[in-house]
Visitor: 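Dropping a structure here in structure tokens format, bear with me for questions.
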Amino acid sequence: MFEELQPGLYKEQTKRGPAFWTENLLPGQTVYDEKLSGNGELRQWSIKKSKIGAALAKGPPKIPIKSGDVILYLGASTGTTVSHLSDMIGKNGMIFAVEYSFYMLRRLVFLAEKRKNIAPILADANHPERYQSTICEVDFVFQDISQKNQVEIFLKNLKFLKPDGKAMLAVKAKSIDVVADTRKVYAAVEHQLQKEVNIIWQRTLDPFEKDHCVFLVEKK
Ligand SMILES: C[S@@+](CC[C@H](N)C(=O)[O-])C[C@H]1O[C@@H](n2cnc3c(N)ncnc32)[C@H](O)[C@@H]1O
């Protein structure tokens, strides 16, 4: 039984817990090792390989993405999560997918050849000024970057967010401080974010992603 959580996103209750599915932009085709259902019309969103996937299992109010949206994705890697957002925004949307590793980006370019709503950008998200002429205002910013200054990188990139847009930060506590209690790291991140944005929702991602936490925010 699939329950539609929002357009293009479905939840299925299985014996092992909830599973999430997106409507496949390219029916029948997989992107990683995800399962397909309904003649390949649906792709299962891994809750162990994607921070937004894990966040879904923690029940956010809503993933603030709809058909036709423009997204800035920081730390795109090979495109696992990007591919599900690509499903959700559909053919009229666009994802600017920033990744600084050439090796990862190469695989993302192959994905973007098939999925025309992904624009890979080889850049360091620490320097948004280097890609600002390439992108436009966006409806949603998502960041999954394991760097010590990940909060600072996130805040710098919010200049691309529309006034009514939403943004999500996946925090990896051990990248900020490898020895500190993760709860103290999350509290420090919360404090840092609150100075600049409104926090709408936050959850730790354990047990799906150990020592990770997500924050959904909007501009003040
Ligand atoms: C945990 S992986 C992201 C996984 C991806 N979000 C997914 O779910 O498919 C983090 C990625 O961020 C990239 N990264 C790290 N620092 C970066 C930076 N300063 N600018 C751009 N990309 C960065 C890494 O190369 C890596 O591919």
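Note that the coordinates shown come from a computational prediction; the quantities given were computed from them, not determined experimentally.
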Visitor: Partners of E12 by side-chain hydrogen bond (donor to acceptor under 3.5 Å, both in side chains), sequence neighbours excluded?
Guide: W21
Visitor: Tell me, please, which residues at least two apart from E34 pass salt bridge (Lys or Arg N to Asp or Glu O under 4.0 Å).
Guide: R43
Visitor: Taking only residues two or more places apart in sequence or in another chain, which ones pass ring pair (Phe, Tyr, Trp, His ring centres under 6.0 Å) with Y32?
Guide: H84
Visitor: Taking the side chain as C-beta and beyond, is there a heavy-atom pair between C213 and F215 under 4.5 Å?
Guide: yes
Visitor: Let me confirm one number: the CD1-CD1 distance from I95 to I65, rounded to the nearest 0.5 Å.
Guide: 8.0 Å
Visitor: Apply side chain to side chain contact (heavy atoms under 4.5 Å, CB included) to the pair L9 and M88, showing each step before the final yes or no.
Guide: CA-CA 7 Å; L9 177 64; M88 289 184 73; 4.0 Å; yes
Visitor: Can F96 be reached from I153 by stepping across I, L, V, M, F, W or Y side chains whose heavy atoms are under 4.5 Å apart?
Guide: yes
Visitor: Give a yes-or-no answer on whether the side chains of K66 and Q6 include a donor-acceptor pair shorter than 3.5 Å.
Guide: no
Visitor: So which heavy atom on A97 is nearest to which on L108, and how close?
Guide: CB-CD2, 3.8 Å
Visitor: Do the side chain of E99 and the main chain of S101 share a donor and acceptor less than 3.5 angstrom apart?
Guide: yes
Visitor: What's the shortest heavy-atom distance between Q44 and A19, and which atoms?
Guide: NE2-CB, 3.3 Å
Visitor: Taking all atoms of both residues into account, what is the closest heavy-atom pair of K49 and D33, and its distance?
Guide: NZ-OD2, 2.6 Å
Visitor: With heavy-atom distances below 4.5 Å as the criterion, would you say the side chains of L42 and L36 are in contact?
Guide: no
Visitor: Check the hydrophobic clustering (I, L, V, M, F, W, Y; side-chain heavy atoms under 4.5 Å; chains of links allowed) and say if M94 and L85 are grouped together.
Guide: no
Visitor: Using the rule that Ile, Leu, Val, Met, Phe, Trp and Tyr join whenever any side-chain heavy atoms are under 4.5 Å apart, tell me whether L111 and I89 fall into a single cluster.
Guide: yes
Visitor: Mind checking who shares a hydrophobic cluster with M104, ILVMFWY linked at side-chain heavy-atom distances under 4.5 Å?
Guide: Y103
Visitor: Quick one: does V70's side chain get under 4.5 Å of C136's, heavy atoms only?
Guide: yes
Visitor: Kindly write out the residues that satisfy side-chain hydrogen bond (donor to acceptor under 3.5 Å, both in side chains) with T81, not counting sequence neighbours, or none if the list is empty.
Guide: S50
Visitor: With rounding to the nearest 0.5 Å, note down the distance linking NZ in K62 to CG in L5.
Guide: 11.0 Å
Visitor: Is it true that a side-chain atom of K58 and a backbone atom of T204 form a donor plus acceptor pair closer than 3.5 Å?
Guide: yes
Visitor: Quick check: does any side chain N or O of S77 sit under 3.5 Å from a backbone N or O of G79, one acting as donor and the other as acceptor?
Guide: no
Visitor: Please identify each residue that fulfils ring pair (Phe, Tyr, Trp, His ring centres under 6.0 Å) with F20, with sequence neighbours left out.
Guide: none
Visitor: Which pair of heavy atoms, one from A180 and one from V185, lies closest together, and at what distance?
Guide: CB-CG2, 3.9 Å
Visitor: Check whether any side-chain heavy atom of N198 sits under 4.5 Å from a side-chain heavy atom of V217, and report yes or no.
Guide: no
Visitor: Using a 4.5 Å cut-off on heavy atoms from C-beta on, say whether the side chain of H212 contacts that of V171.
Guide: no
Visitor: Among pairs that include at least one residue of residues 136-146, which meet side-chain hydrogen bond (donor to acceptor under 3.5 Å, both in side chains), considering only residues two or more places apart or in two chains?
Guide: K51-D144, D139-K162
Visitor: Is the closest side-chain heavy-atom distance between V138 and I71 below 4.5 Å?
Guide: no
Visitor: Write down the atom of F2, the atom of S37, and the distance for their closest heavy-atom approach.
Guide: CZ-OG, 3.8 Å
Visitor: What pairs of residues pass the salt bridge (charged side-chain N to carboxylate O under 4.0 Å, His left out) test when at least one of them lies in residues 202-220, not counting sequence neighbours?
Guide: K166-E218
Visitor: Tell me which pairs pass ring pair (Phe, Tyr, Trp, His ring centres under 6.0 Å) where either residue lies in residues 176-209, with sequence neighbours left out.
Guide: none
Visitor: Same hydrophobic cluster for Y10 and L56, using side-chain heavy-atom links shorter than 4.5 Å among ILVMFWY?
Guide: no
Visitor: How far does CZ of R16 sit from CD1 of I47, to the nearest 0.5 angstrom?
Guide: 10.0 Å
Visitor: With Y73, which residues qualify under ring pair (Phe, Tyr, Trp, His ring centres under 6.0 Å), at least two apart?
Guide: F142
Visitor: Are side-chain N/O atoms of Y100 and Q147 paired as donor and acceptor at under 3.5 Å?
Guide: yes
Visitor: Side chain to side chain contact (heavy atoms under 4.5 Å, CB included) between L25 and N117: does it pass, once the steps are laid out?
Guide: CA-CA 10 Å; L25 185 71; N117 62 6; 3.8 Å; yes
Visitor: Find the distance between CD1 (I52) and OG1 (T22) and round it off to the nearest 0.5 Å.
Guide: 11.0 Å
Visitor: For the residue pair N24 and G40, what are the closest heavy atoms and their distance?
Guide: ND2-O, 3.1 Å
Visitor: Determine which pairs satisfy salt bridge (charged side-chain N to carboxylate O under 4.0 Å, His left out) with at least one residue from residues 104-129, sequence neighbours left out, and list them in order.
Guide: D87-R115
Visitor: When you measure from the side chain of N157 to the backbone of A125, do you find a donor-acceptor pair of N or O atoms at a distance under 3.5 Å?
Guide: yes
Visitor: Side chains of L216 and P64: does their closest heavy-atom pair fall under 4.5 Å?
Guide: yes
Visitor: Please tell me whether V98 and M168 are part of a single hydrophobic cluster in this structure, the criterion being side-chain heavy atoms less than 4.5 Å apart.
Guide: no
Visitor: Could you measure the distance from the CG atom of L72 to the CD1 atom of I135? Nearest 0.5 Å is fine.
Guide: 4.5 Å
Visitor: Apply the test side chain to side chain contact (heavy atoms under 4.5 Å, CB included) to residues L169 and V214: give CA-CA distance (whole Å), side-chain angles for both, the deciding distance (0.1 Å), then the verdict.
Guide: CA-CA 6 Å; L169 170 66; V214 285; over 6 Å; no
Visitor: So how far is it from L193 CG to L155 CG, rounded to the nearest 0.5 Å?
Guide: 5.5 Å
Visitor: Strictly by salt bridge (charged side-chain N to carboxylate O under 4.0 Å, His left out), give each pair with a member in residues 168-194 just once, sequence neighbours left out.
Guide: D181-R183
